[in-house]
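This chain uses plain numbering: 1 for the first residue, then up along the sequence.
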Amino acid sequence: MTDDQPTKVKADLADVPRTALWTLYQRAVEARRPDRILHDPKAVELVDRIDYPFAERFGTSAVQAQLQALRASCFDREVLDFLAREPRGTVVCLGEGLETQYWRVDNGRAHWLTVDLPEAVELRERLLPPGPRQRYLAADATDLRWAEEVDRSREVLITAQGLLMYLRPPQVKALIAGCAEAFPGATFLLDAVPRWFGALSVRGRLRTGSYQAPPMPWAMDADERAKLRTASAAVAVVRDVRPAGGRGAVGALLPFVLRVPPLSVYRPSVTALEFAGRAAQP
């Protein structure tokens, strides 16, 4: 290796934290395309810097990459809307892994808090050193003590992208309820896999390349999102955040997948939960 080439960074992640490498790679595959639907140069940079056999381990699928980009775009759109309303607000990213959303949508004024497991935070700090408005907290997202680290004087948006499916159903309910209690008036943005997909993962039947996805014990069909209200009486609004755009066959089929049963039911989903303010809570 020559002096002008950066040293490759080892990425020794296991089980659920390793999924951060899979999603990173999918975004980078899409971002490298001239007709990309997600502009994510930071993801491309990270894949080039990490010493990991991405293509060998995960395979390369243009469809998978585009679907991951569409999911990321749903989250980006909601964060951008939040920052347009609350330019100095706080975005709390639970289980963020190697997500590069900050570099895609930051407005130069917002504050960002990443909450993730210690091994994920350690790698993130090496690859993506936090800026002055970013903070990384090594903690279990299901342990609500991280909420004490958030400035309550600012409006809050909480994202849980690619996280909840790896939790048990009671943990998901407790996390939503805890966030609703800790952050009245906040928005909680989450994604879910459909039940058939979760069942395949639990049976160990989800593989791409030589990679087997970890079990996903929590799953939710798209028409079940209203049940998320049962997590807390403070869940005032439940919104379906639908992907838009798409390229080729994915773009052509997307309107039908979103509207026509049973495709509209048995699809991955992104949902926004809006919590009632303290005065409105029972």
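- Connection of Leu117 to Leu137 is not established within any shared hydrophobic cluster, with ILVMFWY side chains joined at heavy-atom distances below 4.5 Å, either directly or through further cluster members.
- Within a 6.0 Å radius of CG in Asp15, no more than 12 heavy atoms belonging to other residues, nucleotides or ligands are found.
- Looking only at side-chain heavy atoms (C-beta outward), Arg195 and Glu224 come within less than 4.5 Å of each other.
- Of the possible polar contacts, one joining the Arg154 side chain to the Arg88 backbone as a donor-acceptor pair under 3.5 Å is found.
- Between Cys74 and Val270, the shortest heavy-atom contact is CB-CG2, 4.1 Å.
- Residues Phe197 and Pro268 are not in side-chain contact: their nearest non-hydrogen atoms beyond the backbone lie 4.5 Å or more apart.
- Side-chain heavy atoms closer than 4.5 Å link hydrophobic residues (I, L, V, M, F, W, Y) into clusters, and following such links, possibly through other members, connects Val115 to Leu164.
- Within the model, atoms CZ of Phe188 and CZ of Phe275 stand 6.0 Å from one another, a figure rounded to the nearest 0.5 Å.
- Using modelled atom types and a 3.5 Å distance limit, the side chains of Asp140 and Thr142 yield a donor-acceptor pair.
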Could you please spell out the steps behind the side chain to side chain donor-acceptor pair (under 3.5 Å) verdict for Thr114 and Asp116?
-> CA-CA 6 Å; Thr114 294; Asp116 212 335; over 6 Å; no
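- For Trp196 and Tyr266, the ring centers are positioned 6.0 Å apart or more.
- Atom CZ of Arg168 has 12 or fewer heavy atoms from other residues, nucleotides or ligands within 6.0 Å.
- In Arg203, the CZ atom is crowded: over 12 heavy atoms of neighbouring residues, nucleotides or ligands sit closer than 6.0 Å.
- For the atom pair OG1 of Thr23 and CD of Gln161, the computed distance is 7.5 Å after rounding to the nearest 0.5 Å.
- Of the possible donor and acceptor atoms, one in the side chain of Arg18 sits under 3.5 Å from a partner among the backbone N and O of Leu13.
- When atom types are taken as modelled, the side chain of Arg152 and the backbone of Ala182 share a donor-acceptor pair closer than 3.5 angstrom.
- In this structure, OG1 in Thr159 is found 6.5 Å from CG in Leu94, a value given to the nearest 0.5 Å.
- Closest approach of Ala272 and Thr187 over heavy atoms only: CB-CG2, 4.3 Å.
- Under a hydrophobic clustering in which Ile, Leu, Val, Met, Phe, Trp and Tyr are joined whenever their side-chain heavy atoms come within less than 4.5 Å, directly or via other members, Trp103 and Leu127 fall into the same cluster.
- For Arg32, the CZ atom sits in a packed shell: over 12 heavy atoms of surrounding residues, nucleotides or ligands are nearer than 6.0 Å.
- Nearest heavy-atom pair across Ala141 and Leu175 is O-CD1, 3.4 Å.
- Within a 6.0 Å sphere centred on OH of Tyr52, other residues, nucleotides and ligands contribute more than 12 heavy atoms.
- A donor-acceptor contact shorter than 3.5 Å links the side chain of Tyr136 to the backbone of Leu128.
- Between the CZ atom of Arg36 and the CD atom of Glu30 there is a distance of 9.0 Å, given to the nearest 0.5 Å.
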Test log, rule side chain to side chain contact (heavy atoms under 4.5 Å, CB included), inputs Gln134 and Asp106 | CA-CA 11 Å; Gln134 292 175 282; Asp106 178 57; over 6 Å; no
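- Taking the side-chain contact (heavy atoms from CB on, under 4.5 Å) definition, one finds that Ser232 meets it with Ala177, Ala180, Ala234, Val235, sequence neighbours left out.
- Between the side chain of Arg239 and the backbone N or O of Thr271, no donor-acceptor pair lies under 3.5 Å.
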Go through the steps for Ser269 and Leu190 under the test side chain to side chain contact (heavy atoms under 4.5 Å, CB included), then give the verdict.
-> CA-CA 8 Å; Ser269 57; Leu190 64 98; over 6 Å; no
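- Tested against Asp51 for a salt bridge (charged side-chain N to carboxylate O under 4.0 Å, His left out), the candidates Lys8, Lys10, Arg126 yield a single pass: Lys10.
- Grouping the Ile, Leu, Val, Met, Phe, Trp and Tyr side chains by contacts below 4.5 angstrom, directly or via other members, places Phe54 with Val9.
- In terms of heavy-atom proximity, Gly198 sits nearest to Ala219 at CA-CB, 4.3 Å.
- In the model, Arg104 has no side-chain atom that pairs as donor or acceptor with a side-chain atom of Gln101 under 3.5 Å.
- Here the straight-line distance linking atom CG of Asp223 with atom CZ of Arg225 works out to 7.5 Å at 0.5 Å rounding.
- Within a 6.0 Å sphere centred on CD of Glu149, heavy atoms belonging to other residues, nucleotides or ligands number more than 12.
- The CG atom of Leu263 sits 8.5 Å away from atom CG of Leu253, with the distance rounded to the nearest 0.5 Å.
- Phe58 and Tyr25 have tilted rings, their planes meeting at an angle from 30° to 60° on a 0 to 90° scale.
- Val172 and Met165 fall into different hydrophobic clusters, where Ile, Leu, Val, Met, Phe, Trp and Tyr residues are linked whenever their side-chain heavy atoms come under 4.5 Å apart, directly or through other members.
- When only modelled atom types and interatomic distance are considered, Thr100 and Arg27 share a side-chain donor-acceptor pair under 3.5 Å.
- Scanning all heavy atoms of the two residues, the minimum distance from Val92 to Trp146 falls at CG1-CZ3, 3.7 Å.
- When atom types are taken as modelled, the side chain of Asn107 and the backbone of Pro87 share a donor-acceptor pair closer than 3.5 angstrom.
- Of the possible polar contacts, none joining the Arg247 side chain to the Gln66 backbone as a donor-acceptor pair under 3.5 Å is found.
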